[in-house]
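All values below come from the heavy atoms of this structure, side chains included, with hydrogens, waters and symmetry mates left out. A, B, ... follow the sequence lines: proteins, then strands. Residue 1 opens every chain. What you see is a predicted model; the values in this text were computed from it and never measured.
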2 protein chains.
Amino acid sequence: MAKIPGDEPRHGKVTMRDVAQRAGVGLATVSRVINGKPGVAADLIERVNEASRALGYRHDVTASSLRRADRRTATIALVLEDVANPFSSALHRAVEDAARAEDILVLTGSSDEHPEREHELIDTFTLRRVDGLIVVPTGGTDGQLATVRRQGTPIVCVDRLVELDRVDTVTVDNREGTRAAVRRLLDLGHRRIAYLGDMRAIWTARERYEGYLEAHAGAGRPVDERLVRRDIRSAEAAEHAIGEILTAVDDPPTAVFAAQNLLTIGTLRTLQRLGLHDRVALIGFDDFPLADMLRPGVSVVSQDPAEIGLMAARLLLGRINGGDHRHARHAVVPTGYIARGSGEIPPP
Amino acid sequence: MAKIPGDEPRHGKVTMRDVAQRAGVGLATVSRVINGKPGVAADLIERVNEASRALGYRHDVTASSLRRADRRTATIALVLEDVANPFSSALHRAVEDAARAEDILVLTGSSDEHPEREHELIDTFTLRRVDGLIVVPTGGTDGQLATVRRQGTPIVCVDRLVELDRVDTVTVDNREGTRAAVRRLLDLGHRRIAYLGDMRAIWTARERYEGYLEAHAGAGRPVDERLVRRDIRSAEAAEHAIGEILTAVDDPPTAVFAAQNLLTIGTLRTLQRLGLHDRVALIGFDDFPLADMLRPGVSVVSQDPAEIGLMAARLLLGRINGGDHRHARHAVVPTGYIARGSGEIPPP
DNA sequence: CTGAAAGCGCTTACAG
DNA sequence: CTGAAAGCGCTTACAG
C-alpha cells in the first residue's frame with residue numbers, strides 16, 4: 001500500500017510486551033492470563049487485566065497460533081457448492097452463528113461442484129491452518145479428505161454421505177422423504193408418476209430415486225421406466241424432458257416427482273405452458289422461495305439447511321474442542337412435507 | 001484436540017529452511033525467490049524452485065505476514081447484512097471470484113443490520129489484519145470506519161452512500177431507477193400511484209422515495225400523501241399497509257410502487273387476496289427469484305449485485321495493490337427495468 | 001547478488 | 001508460582 005502522509009500508525013500497536021511492562025510482570029505471565037491458564041496469583045491476574053484494559057490491548061490470534069502447540073487458529077472453513085445458492089447460504093449462516101458463539105471465524109469457498117476446485121479450496125484452507133473443515137463434497141476428493149483428516153484436521157461432510165475414517169457426516173433422509181411423498185401420490189390414486197432426477201453421480205440423487213422405487217414396491221405398483229428421466233442437470237433440461245414424457249408417451253403420467261429444486265421449476269414451466277398445472281400433480285424435493293405464491297402452490301419435500309448447518313457445526317466444534325473420537329458419526333436430519341396444492345391434485 | 005495414535009504429523013511440515021538446505025542456499029534467498037523479488041541469480045532461482053517442488057513446499061502466508069513490512073495477509077473481509085439473503089450472497093460470490101483471481105481469501109460476516117454487530121465484525125477482521133474491508137454499512141459505525149481507514153486499511157462501502165475520507169462507495173442509482181419506473185406508470189395513464197417504502201434511516205430508502213417524488217414533479221402531477229407509507233420493514237407490514245390503502249381510501253390507487261423486495265411480495269399477497277392482481281399495476285424495486293413465474297409476472301427495477309460486488313472488489317484491490325488515492329471514489333451501477341406484465345397493467 | 005542474524009507477536013519448555 | 005530465553009515460519013535490514 002502506498003503510504004499516505006496522514007496515516008496513523010497501522011492497527012493497535014500495543015503488544016503483550018507493553019502490557020507486561022505496564023503490569024510489571026513477565027511476558028509469560030501475561031500470556032498465561034490472557035489464555036486463562038491456571039496457576040497465576042490472583043493479584044497478578046488483576047494487574048495484567050488492568051494494564052491490558054488501560055492500554056486497550058488486543059490479542060493477536062494469528063501470531064499466537066504460530067508458536068502454539070495445538071496450532072489453533074480459531075478458524076474453520078466451509079466448502080460449499082456456491083455461496084450464492086439458497087441452500088448453501090442458509091447453511092453458511094447457521095455455521096456462522098454456531099462458530100461465532102465460540103469466537104471462531106468462518107472461511108468459505110465455492111466449489112461449483114468441480115472436484116479440482118474443491119481440492120484447491122481444501123488446500124488453501126488447510127494451508128491457512130484452519131481448525132476444522134465442513135465440506136459439501138463433490139465426491140472427487142475422498143483421497144485428499146482422508147489425508148487431511150489423518151494429518152489431524154477434523155472434517156464434517158454435509159449433504160452427501162462419505163465413508164472415511166473419523167469423518168462425520170450430516171445428511172437428510174433423502175430416501176425416506178421421497179418415499180413418503182411418492183407414497184402420498186399413490187395413495188391419492190395416481191398410478192403413473194413421472195420421475196425427474198439429478199446426476200446419478202450424486203449420492204442424494206441416487207438415494208431419492210431409491211425412495212421412488214421403494215414407494216412403488218411398498219404399494220405393490222410397478223414402475224414404468226418410460227416415465228423416469230435421470231441425469232438431468234438444469235431447469236431447461238427438465239422442461240424438455242417432462243415435455244417429452246407428457247406428450248410422447250401414449251399413456252401420460254398424472255403426477256410428477258421432481259427430485260431437485262431446478263427440476264421442479266422446469267417442470268412447472270412446462271406444465272404451465274401446456275396448461276396442465278391444475279391437472280397434473282407435482283411434488284418437488286427441496287423447498288424454494290415463493291413456492292406458496294404460485295398457482296397452484298407447489299408442494300415439496302422440505303429440508304432444513306439451517307438445522308443441517310447447526311448439526312455440522314456442533315459435530316465439528318465437538319471434535320475441535322478436545323472431543324475427537326475414533327469413530328465417524330452420521331447424523332440424519334429429517335425432511336418435512338409441505339402441502340400447498342400441487343401435490344394434492346387427484347388423478348382425473 | 002485429542003491426540004489420536006494413528007495421526008500423521010500435522011500439515012505439510014516442510015519449511016523454508018528445508019528448501020534452503022536442499023537447494024544449498026540461504027533462507028533469505030528462498031524467501032526472495034518465493035516472493036518473486038528481483039536480483040537473484042537465474043541458477044539460484046532454478047535451484048530453489050526445484051527444491052521447493054521436490055519437497056512439496058507450501059508457503060505459509062500467515063507466518064509471512066507477521067514480519068512483513070506491509071503486513072499483508074492476502075485476506076479481505078466482507079461485512080454483509082446477512083450472508084443468507086440473495087442480494088448479500090450474490091455480492092459475496094462476485095467478491096469471492098474477484099479475490100480468488102489474486103489468491104486473496106475472503107472473510108465474511110452478517111451484521112443483521114445492527115451497528116453493534118457490525119462494529120464487532122469490523123473489529124474482529126481488523127484484528128486479524130485483513131488487507132481491506134468491503135462493508136454494507138448499517139450507518140452506525142462511521143466513526144469506527146473512519147478510524148480504521150486512517151490506520152491504513154482500505155475500505156469500500158457498498159449499497160449505501162457514506163462520506164468518509166478516502167472511503168470508496170459503490171451504489172446503484174436508486175433515485176433514477178425509481179423515477180424512471182414511476183414515470184412509466186404515469187405515462188401509462190396512472191394518476192394515483194401508491195408508494196411503499198423501507199425505513200427512512202436507510203439511505204437507499206430515502207433515495208428511492210426522492211425518485212418517486214421526482215417522477216411526479218417531472219410529469220407535473222401532485223403526490224397524494226395518503227397513498228404513501230414509509231418505514232415499513234416486513235412483508236407482513238406491507239400486506240397490511242397496502243390493504244389499508246386499497247380499501248380505506250375513497251379514491252384508491254390504480255398502481256403500486258413497492259420500494260423493496262419484501263414489500264413487493266407483501267403487496268402481491270394482498271393483491272391476490274383481494275383479487276386485484278390483474279387490475280392494479282405493480283412495480284417492485286429489486287428483482288427476486290420466480291418473479292417471472294407468477295401471474296401476472298412481476299415487473300421490477302433490477303439491480304445487479306454481482307456487478308456491484310465486482311466493482312467494489314476492483315476498487316478495493318486497486319487500493320490494496322499500491323494504488324491508494326487521496327480522494328474517495330463513488331461508483332454508480334445502473335439499474336434496469338424488467339417488464340413482466342404487472343407493471344404494464346393500464347388504469348381502468 | 002547473497003547469507004547470517006535479528007525480529008514480527010506470541011507460546012512454551014526450562015530454570016528458579 | 002514466575003520470568004528469561006528459545007522458537008513458531010517467515011521477512012528484512014545489515015554486512016559482505
Fill in: Value in whole Å for how far the P atom of dG7(D) lies from CG of Leu66(A)
14 Å
Item to complete: Could you check how far CG of Leu44(B) sits from P of dG3(C), rounded to whole Å?
Response: 6 Å
Fill in: Thr29(B) side chain to Val25(B) backbone, donor-acceptor under 3.5 Å
no
Worksheet item: Has the side chain of Ser89(B) got a donor or acceptor atom that lies under 3.5 Å from a matching backbone atom of Ser89(A)?
Response: no
Worksheet item: Does a salt bridge link Arg319(B) with Asp168(B), judged by any charged N lying under 4.0 Å from a carboxylate O?
Response: yes
Practice prompt. Measure from the side-chain N and O atoms of Asp159(B) to the backbone N and O of Thr171(B), and report whether any donor-acceptor pair falls under 3.5 Å.
Written response: no
Fill in: Presence of Thr29(B) side-chain N/O under 4.0 Å of dT2(C) phosphate oxygens OP1/OP2
no
Worksheet, complete the sentence: To the nearest angstrom, the CD-P distance between Gln21(B) and dA4(C) comes to 12 Å
Worksheet entry | Stem list, DNA chain D (Watson-Crick or G-U pairing under 3.5 Å, at least 3 consecutive pairs) | C:1-3 with D:14-16, C:5-12 with D:5-12, C:14-16 with D:1-3
Worksheet item: Separation of Leu55(B) atom CG from dG9(D) atom C1', in whole Å?
Response: 15 Å
Worksheet item: What is the minimum heavy-atom distance between Arg149(B) and Asp165(B), and which atoms define it?
Response: CG-O, 3.6 Å
Worksheet entry | Summary of protein contacts for nucleotides 10-16 of chain D, nucleotide by nucleotide, where a base hit scores B, a sugar-phosphate-only hit scores S (4.0 Å, heavy atoms) | BBBB---
Worksheet item: If you count the non-hydrogen atoms of other residues, nucleotides and ligands that lie under 6.0 Å from CD in Glu102(A), is the total more than 12?
Response: yes
Worksheet item: Is there a donor-acceptor pair closer than 3.5 Å between any side-chain N or O of Ser110(B) and the backbone N or O of Val83(B)?
Response: yes
Worksheet item: Under 3.5 Å, is there a donor-acceptor pair between the side chain of Ser52(B) and the main chain of Val48(B)?
Response: no
